[in-house]
Peer 1: 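Quick one: structure below, then a few questions.
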Number of protein chains: 2
Amino acid sequence: MSLPHAILTALLEKPSSGSELTRRFDRSIGYFWSATHQQIYRELGKLEQAGLIRALPSPVPTRGQKKEYEVLPEGREELRAWVDRREDPKVSRDPLPLRLRAAGVVGVGDLLPELVRHRDLHRARLEEYRRFERRDYPNGPRTEQERIQLLVLRGGIDMETGWVSWLGRAVEELSAAAPATPAASADRDGA
Amino acid sequence: MSLPHAILTALLEKPSSGSELTRRFDRSIGYFWSATHQQIYRELGKLEQAGLIRALPSPVPTRGQKKEYEVLPEGREELRAWVDRREDPKVSRDPLPLRLRAAGVVGVGDLLPELVRHRDLHRARLEEYRRFERRDYPNGPRTEQERIQLLVLRGGIDMETGWVSWLGRAVEELSAAAPATPAASADRDGA
DNA sequence: AATCTCATGTAACAGGTTACATGATTAC
DNA sequence: GTAATCATGTAACCTGTTACATGAGATT
């Protein structure tokens, strides 16, 4: 039950159409929650049905025409309640550690270049976050809302730092001692 | 497409019945991928159908009787191929950062105790991983497979370290300057 | 034999993914 | 006016979640 609340948050920050929301889910919001345009349109329909948002009056609201949505008081109330809700942490759903564990059983095969690739992707993401921090908060946060936005950004920084640290060590370890013949190591592990 | 491969890995490590797998998904494997018993039985059926695993011959294979599965060569081959597959990192699906972002819009409300709770859960998980490390690898890894298993464990440690670091700072920041009246801060943000 | 627990399921639904469809606008 | 693009959707499918059902063995 997070996508509707992500959408409510985004619409409170700025009323938008489905396509605009989709673009925002590829940038800022998308760093913490992803969604395709099909999900977004489906969810906008549900939220409107439930009376939490409404489409702004438009002259010709047909297919192919932009339709802007804004949050109704009921939607804001629902979001407020969600913030206060108690909800346990979810286990990670990134398959990479799982693939490494599988590699421990069937052999590392060709996993090393994939680890390198992921390490570099996470490094790039980390650098991006650091640029945001320097660009948007050069003198620290100036309002209560900015303080919280910066905290969220720092969350991304801490997570990416964790990935980079882990993958850095994994690449180092696996390039050091495992590069003999992958087939041989696979056979040994599989026996 | 990760659950079937998680199951293949688990079954290669040790042939098991559905209920045994379910218990293992509450411990070791569950630290990196979660699954309910319903998911596991459904997936075991598919994997057997696909010829990747088979039920060990049993005298009375009826309902309510344990049914042990083992991986067939085709299953091992599928797992090996999955390890080598190229697959992009997934964006996190933990709603907590999202809730903090929402709090920036509708006010922090009662989120602080929830942040404390999560921080403590992640701290406990981190300590648990460190105990595993001390207990299972007191002199470092002794085989290639142990080296990889330890790497996976270190992944968990690095991720939990990231959470603890972030949540520690978030709690500190929000207890310092935000504790006036939540309602007032909510109104200010919402304006 | 009634009840409890364990193991194996079924069913219904929500959320996420991929492929495809259609109306409106813009570029040529 | 035709083609490309943009915006809004529909449909089918897969994964994950929750509630419930049933057979077998153990407990009383």
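Computation of the quantities below employed the complete heavy-atom set of this structure, encompassing side-chain atoms and omitting hydrogens, waters and symmetry-equivalent molecules. Numbers restart at 1 for each chain; the letters A, B, ... are given by sequence-line order, proteins then strands.
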Peer 1: Can you spot which of Leu96(A), Leu98(A), Asp94(A) makes a side-chain contact (heavy atoms from CB on, under 4.5 Å) with Ser2(B)?
Peer 2: Leu98(A)

Peer 1: Distance check needed: dT17(D) C1' versus Glu87(A) CD, whole Å only.
Peer 2: 13 Å

Peer 1: Rounded to whole Å, how long is the line connecting atom CD1 of Ile40(B) with atom C1' of dG9(C)?
Peer 2: 13 Å

Peer 1: Does Lys66(B) place a side-chain N or O at less than 4.0 Å from the phosphate oxygens OP1/OP2 of dG25(D)?
Peer 2: no

Peer 1: Roughly how many Å is it from CZ in Phe25(A) to P in dT8(D), rounded to a whole number?
Peer 2: 15 Å

Peer 1: So, do Leu72(A) and Leu52(A) sit near enough that their side-chain heavy atoms are less than 4.5 Å apart?
Peer 2: no

Peer 1: Could you check His37(B) against Lys46(B) and say which one's nearest nucleotide on DNA chain D is further toward the 5' end?
Peer 2: Lys46(B)

Peer 1: Working to the nearest 0.5 Å, report the span between CD of Gln149(A) and CZ of Arg101(B).
Peer 2: 6.5 Å

Peer 1: Does any N or O in the side chain of Glu114(A) come within less than 3.5 Å of the main-chain N or O of Glu87(B), such that one atom is a donor and the other an acceptor?
Peer 2: yes

Peer 1: Are OP1 or OP2 of dT10(C) and a side-chain N or O of Arg42(B) less than 4.0 angstrom apart?
Peer 2: no

Peer 1: Is any side-chain nitrogen or oxygen of Arg93(B) closer than 4.0 Å to OP1 or OP2 of dG16(C)?
Peer 2: yes

Peer 1: To the nearest Å, how far apart are Trp33(A) CH2 and dT17(C) P?
Peer 2: 10 Å

Peer 1: Please report, rounded to the nearest Å, how far the C1' atom of dC6(D) is from the NZ atom of Lys67(A).
Peer 2: 16 Å

Peer 1: For Gln39(B) and dA19(D), what is the distance between atoms CD and P respectively, to the nearest whole Å?
Peer 2: 15 Å

Peer 1: Has Gln38(A) got a side-chain N or O lying under 4.0 Å from the OP1 or OP2 atom of dT18(C)?
Peer 2: no

Peer 1: Would you classify Thr22(A) as touching base, sugar-phosphate or nothing, given that sugar-phosphate means primed atoms plus P, OP1 and OP2, and contacts are heavy atoms under 4.0 Å?
Peer 2: nothing

Peer 1: Should Ser19(B) be listed as having a side-chain N or O under 4.0 Å from OP1 or OP2 of dT8(C)?
Peer 2: yes

Peer 1: In whole Å, I'd like the distance from the CE atom of Met1(A) to the P atom of dT18(D).
Peer 2: 12 Å

Peer 1: Nearest whole Å is fine: how far is dT10(D) C1' from Leu44(A) CG?
Peer 2: 15 Å

Peer 1: Quick one: label Glu43(A) by what it contacts on the DNA or RNA (base, sugar-phosphate, nothing), any heavy atom closer than 4.0 Å.
Peer 2: nothing

Peer 1: Nearest heavy atom decides the nucleotide; on that basis, is Pro4(A) or Glu20(B) closer to the 5' end of DNA chain C?
Peer 2: Glu20(B)

Peer 1: Would you mind checking if Asp120(B) and Arg117(B) are paired as a salt bridge, meaning a charged N to carboxylate O distance below 4.0 Å?
Peer 2: no

Peer 1: Look at Tyr41(A) and dG9(D) and indicate whether a side-chain polar atom (N or O) is within less than 4.0 Å of OP1 or OP2.
Peer 2: no

Peer 1: So, does Arg23(B) get its side chain near the phosphate of dA7(C), meaning an N or O under 4.0 Å from OP1 or OP2?
Peer 2: yes

Peer 1: Just to be sure I understand the rule, does Ser2(A) reach a base, reach only the sugar-phosphate, or reach nothing, if contact means heavy atoms closer than 4.0 Å?
Peer 2: nothing

